[in-house]
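First the proteins, then the strands, lettered A, B, ... as listed; each starts at 1. Since the model is a prediction, treat every value here as computed from it, not as a measurement.
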Number of protein chains: 2
Amino acid sequence: MAKFNQIPLRESDRIEVELRRLILTLELEPGLAISEASLMKQYNLGRTPLREAFQRLAEQSLLQIIPHHGVVVTPLNVFEFVEVMDAMSMVIGSAAVLACKHMTQTQLDKLDELVKEGTSASAAGDFVRVAELDYEFHRELADATGNRYLRDYLLHLHRIATRFNFAAWKRDRNSTPSLEEHRQLAALFRQRDVDQVKTAMREHIENARTRLMGSLSNSD
Amino acid sequence: MAKFNQIPLRESDRIEVELRRLILTLELEPGLAISEASLMKQYNLGRTPLREAFQRLAEQSLLQIIPHHGVVVTPLNVFEFVEVMDAMSMVIGSAAVLACKHMTQTQLDKLDELVKEGTSASAAGDFVRVAELDYEFHRELADATGNRYLRDYLLHLHRIATRFNFAAWKRDRNSTPSLEEHRQLAALFRQRDVDQVKTAMREHIENARTRLMGSLSNSD
DNA sequence: TATATGCATATTGTATACCAAATGTATATT
DNA sequence: AATATACATTTGGTATACAATATGCATATA
């Protein structure tokens with residue numbers, strides 16, 4: 001009788017999540033060639049769930065499958081970064097307006113909580129956690145837009161951008177997402193100040209762009 | 001020495017393309033449950049390429065994989081349609097501006113050619129072909145933006161919308177994409193009239209929205 | 001040297017058999 | 001009617017074998 005109540009976790013889901021984590025944090029280096037055999041041994045998996053995870057991650061632009069050649073972690077380059085941020089800039093304004101209008105009390109509280117957690121994670125120098133919370137912050141925002149397609153797009157772009165965030169941080173430990181801006185944004189959302197939210201959100205993105213461009217443009 | 005020269009076509013690619021075609025044209029009815037076994041026999045395939053195609057199509061929101069239950073063609077409902085069109089509206093203006101600025105002579109010619117082909121396809125009552133050409137038109141536009149992420153997003157949204165186009169057409173044979181608007185747009189692109197292109201493109205989307213809403217809102 | 005050719009090898013792509021896990025349905029029980 | 005149980009079906013995953021293709025290396029040719 002139980003119908004989709006508790007989703008069983010497939011092996012392919014587990015490895016997908018794990019690989020995505022490794023890719024986003026750059027623990028799997030951009031451009032790295034991945035072989036099925038090594039991952040099969042390393043994670044004690046069969047080929048089926050592994051290959052299915054590959055398909056999904058490739059569809060998410062995190063892997064590239066070159067037929068009969070192999071799987072490669074999608075490389076990073078500055079041009080791609082510019083395109084992601086350009087794309088983000090085009091929609092973040094509309095997204096912020098929608099989110100501001102629809103955001104629930106619960107979501108507002110969640111934003112505050114994320115900022116608080118982020119502050120301590122930042123103080124502890126836990127960049128991985130900071131990046132996670134940054135993602136969660138933007139997820140609340142994306143959810144609040146109430147538009148599924150916009151939501152998925154925003155989070156897709158954010159994930160792509162995350163890799164550049166890590167790349168910048170690895171070169172310059174001072175290059176971290178701005179907690180202060182998140183705090184400010186959370187406050188503006190609570191005030192339901194649509195115009196200010198829109199402006200602040202656009203600035204937030206542009207600040208992230210310039211901050212990362214500085215760290216990324218050292219060679220490469 | 002030959003390196004990635006001619007991409008070999010995998011079975012999983014062939015079935016992915018075929019299934020996508022069937023889904024977009026509604027030959028595979030929204031909500032339909034698909035069984036591996038039947039498709040394996042019907043297309044004389046093994047499970048592996050079939051299941052990998054499923055993964056990719058699910059990632060494209062065209063299929064839904066419910067673990068241990070089955071694969072379902074993603075259902076259609078009016079609310080989803082509204083969300084797609086809202087999402088499209090948010091980016092189509094920026095996209096049009098970029099495309100207008102970057103469009104090459106070759107692409108301008110291609111637009112004219114697509115309009116011409118569309119006219120004859122429409123005269124012949126070949127709706128499938130009209131829909132194909134509509135997609136190609138928007139693909140040229142999306143390509144011309146020069147932003148990969150924006151491009152992929154636009155085409156993703158267009159594909160989702162395509163299913164609603166077919167749904168509307170099946171209820172009302174007079175509900176077809178406006179060739180005249182495409183013709184007008186092609187002319188404006190050629191004139192490099194950014195402002196007019198932007199306005200016309202927005203109207204094009206809104207017209208499509210209202211046209212389809214009329215056909216879709218009869219029950220369901 | 002440079003290029004071309006052919007073969008051996010490794011890896012991916014596909015097919016198949018088998019088992020485990022979950023679901024849906026039918027039946028039985030209260 | 002509602003709940004519980006048993007069974008059949010389907011998918012998820014493993015293991016294995018084989019086919020198809022790419023790569024590397026050795027050799028041959030200019």
Side-chain angles (χ1 to χ4, degrees), chain A residues 1-20 22-23 28-75, chain B residues 1-20 22-23 28-75:
Chain A
M1 185 43 60
K3 195 173 185 180
F4 319 146
N5 286 344
Q6 55 186 38
I7 344 104
L9 45 113
R10 302 174 291 180
E11 291 296 308
S12 67
D13 288 325
R14 296 200 323 100
I15 190 62
E16 179 192 354
V17 170
E18 173 67 0
L19 285 177
R20 184 163 46 232
L22 293 171
I23 294 168
L28 283 178
E29 198 177 337
L32 181 72
I34 296 180
S35 83
E36 293 179 359
S38 65
L39 284 185
M40 280 174 64
K41 271 187 290 190
Q42 190 172 345
Y43 290 95
N44 200 36
L45 284 171
R47 289 178 78 189
T48 310
L50 192 55
R51 288 177 59 88
E52 292 187 354
F54 283 167
Q55 306 301 321
R56 298 198 287 260
L57 290 167
E59 209 66 32
Q60 296 162 23
S61 302
L62 297 179
L63 290 180
Q64 293 177 353
I65 299 176
I66 299 140
H68 284 286
H69 177 267
V71 175
V72 173
V73 179
T74 301
Chain B
M1 183 45 60
K3 197 172 185 179
F4 319 147
N5 285 344
Q6 55 187 39
I7 344 103
L9 44 113
R10 302 172 293 179
E11 293 295 310
S12 67
D13 288 326
R14 296 201 323 99
I15 190 63
E16 180 192 353
V17 170
E18 173 66 0
L19 286 177
R20 183 161 48 232
L22 294 171
I23 294 168
L28 283 178
E29 198 178 336
L32 181 72
I34 295 180
S35 85
E36 293 179 357
S38 65
L39 283 184
M40 280 173 64
K41 272 188 290 189
Q42 189 174 346
Y43 290 95
N44 200 35
L45 287 171
R47 286 180 78 188
T48 313
L50 191 55
R51 289 176 57 89
E52 292 188 354
F54 284 165
Q55 306 301 320
R56 298 199 287 260
L57 290 166
E59 208 66 32
Q60 296 163 22
S61 301
L62 297 178
L63 291 181
Q64 293 178 351
I65 299 176
I66 299 141
H68 284 286
H69 177 267
V71 175
V72 173
V73 179
T74 302

Counting only heavy atoms not in A/E29, do more than 12 fall under 6.0 Å of its CD?
no
Using the salt bridge (charged side-chain N to carboxylate O under 4.0 Å, His left out) definition, which of the options A/R51, A/R56, A/R10 pairs with A/E16?
A/R56
Main chain of B/P49, side chain of B/S12: is a donor-acceptor contact present, judged purely on distance under 3.5 Å?
no
Less than 4.5 Å apart, side chain to side chain, heavy atoms only: is that true for A/L19 and A/L39?
yes
For a 4.5 angstrom cut-off between non-hydrogen side-chain atoms, does A/V72 reach A/I34?
no
Nucleotide C/dT11, atom P - distance to CG of A/L39 in whole Å:
13 Å
Expected string for nucleotides 12-17 of chain C under the B/S/- scheme (protein heavy atoms, under 4.0 Å, primed atoms plus P, OP1, OP2 as sugar-phosphate) is BBBBB-
